[in-house]
Amino acid sequence: MTNDSIEILVVDDEEMVRENLEAYLEDEGFVVHTAGSGEEGLEVLAGVNPQVGIIDMRLPGMSGNDFIIKAHEVKPELKYLIHTGSTNYKLPFELMQIGVTRDEIFIKPLQNMDDLVEGIYRILGMER
């Protein structure tokens with residue numbers, strides 16, 4: 001699997017964060033889809049088949065946790081990285097059941113965006 005065959009869904013309500021993630025990941029060769037809310041993310045998921053979702057937790061309307069739970073019902077094979085500004089975020093049991101671990105939590109702002117790329121490779125079981 002090469003980067004240009006890996007699709008990523010970025011769900012973040014902060015436009016600048018979303019655009020920066022999209023630009024960085026596209027520069028790394030990934031195909032990137034974006035959404036500004038959980039509801040929009042579910043709409044995007046209906047038309048694309050990403051392997052990884054990078055999900056903010058504090059979203060307007062549906063929370064990131066709720067988005068992951070609903071998205072898992074639609075695309076159970078989708079893997080998740082949590083990208084949150086909340087330094088005291090606690091991983092809920094429902095997400096652990098889906099397979100999300102503490103290793104998939106990334107706190108904003110990331111000092112090194114490459115950490116996120118390493119996380120993508122790790123959850124997909126790929127070597128860089």
Any chance you could lay out the side chain to side chain contact (heavy atoms under 4.5 Å, CB included) test for N49 and E77, step after step, and finish with the verdict? CA-CA 10 Å; N49 197 26; E77 68 284 356; 3.6 Å; yes
Please check this pair: side chain of E39 against backbone of M62, looking for a donor-acceptor N/O pair closer than 3.5 Å.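 Looks like yes, one N/O pair under 3.5 Å.
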How long is the span from the [atom1] atom in [X] to the [atom2] atom in [Y], to the nearest 0.5 Å?
X    : Y    : atom1 : atom2 : result
T101 : L95  : OG1   : CG    : 11.0 Å
Y89  : F106 : OH    : CZ    : 13.0 Å
N65  : L91  : CG    : CG    : 8.0 Å
L25  : I54  : CG    : CD1   : 5.0 Å
L45  : E40  : CG    : CD    : 11.0 Å
L21  : M16  : CG    : CE    : 12.5 Å

Using every non-hydrogen atom in the two residues, find where [X] and [Y] come nearest and quote the distance to one decimal.
X   : Y   : value
E7  : H33 : OE1-NE2, 2.6 Å
G41 : F67 : C-CE1, 3.6 Å
D13 : P60 : CB-CD, 3.4 Å
G53 : L78 : N-CD1, 3.8 Å

Please say yes or no: joined through hydrophobic side-chain contacts below 4.5 Å, possibly via intermediate residues, are [X] and [Y] part of one cluster?
X    : Y    : answer
I123 : V100 : no
I55  : I98  : yes
M113 : L81  : yes
V32  : M126 : yes
L110 : I107 : no

Are side-chain heavy atoms of [X] and [Y] found at a separation under 4.5 Å?
X    : Y    : answer
I68  : E94  : no
D56  : V11  : no
V48  : L9   : no
Y24  : L116 : no
Y121 : N3   : yes

Evaluate whether atom CD of Q97 has more than 12 neighbouring non-hydrogen atoms of other residues, nucleotides or ligands under 6.0 angstrom away.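 Enclosed.
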Identify the residue among R58, R18, K108 that makes a side chain to side chain donor-acceptor pair (under 3.5 Å) with D12.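 Passing option: K108.
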I'd like to check the salt bridge (Lys or Arg N to Asp or Glu O under 4.0 Å) partners of K75; sequence neighbours left out, ordered by chain and number.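 For K75 there are no salt bridge (Lys or Arg N to Asp or Glu O under 4.0 Å) partners, ignoring immediate neighbours.
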Just do the side chain to side chain contact (heavy atoms under 4.5 Å, CB included) check on V10 and E22 with the steps written out, would you? CA-CA 7 Å; V10 175; E22 180 179 23; 5.8 Å; no
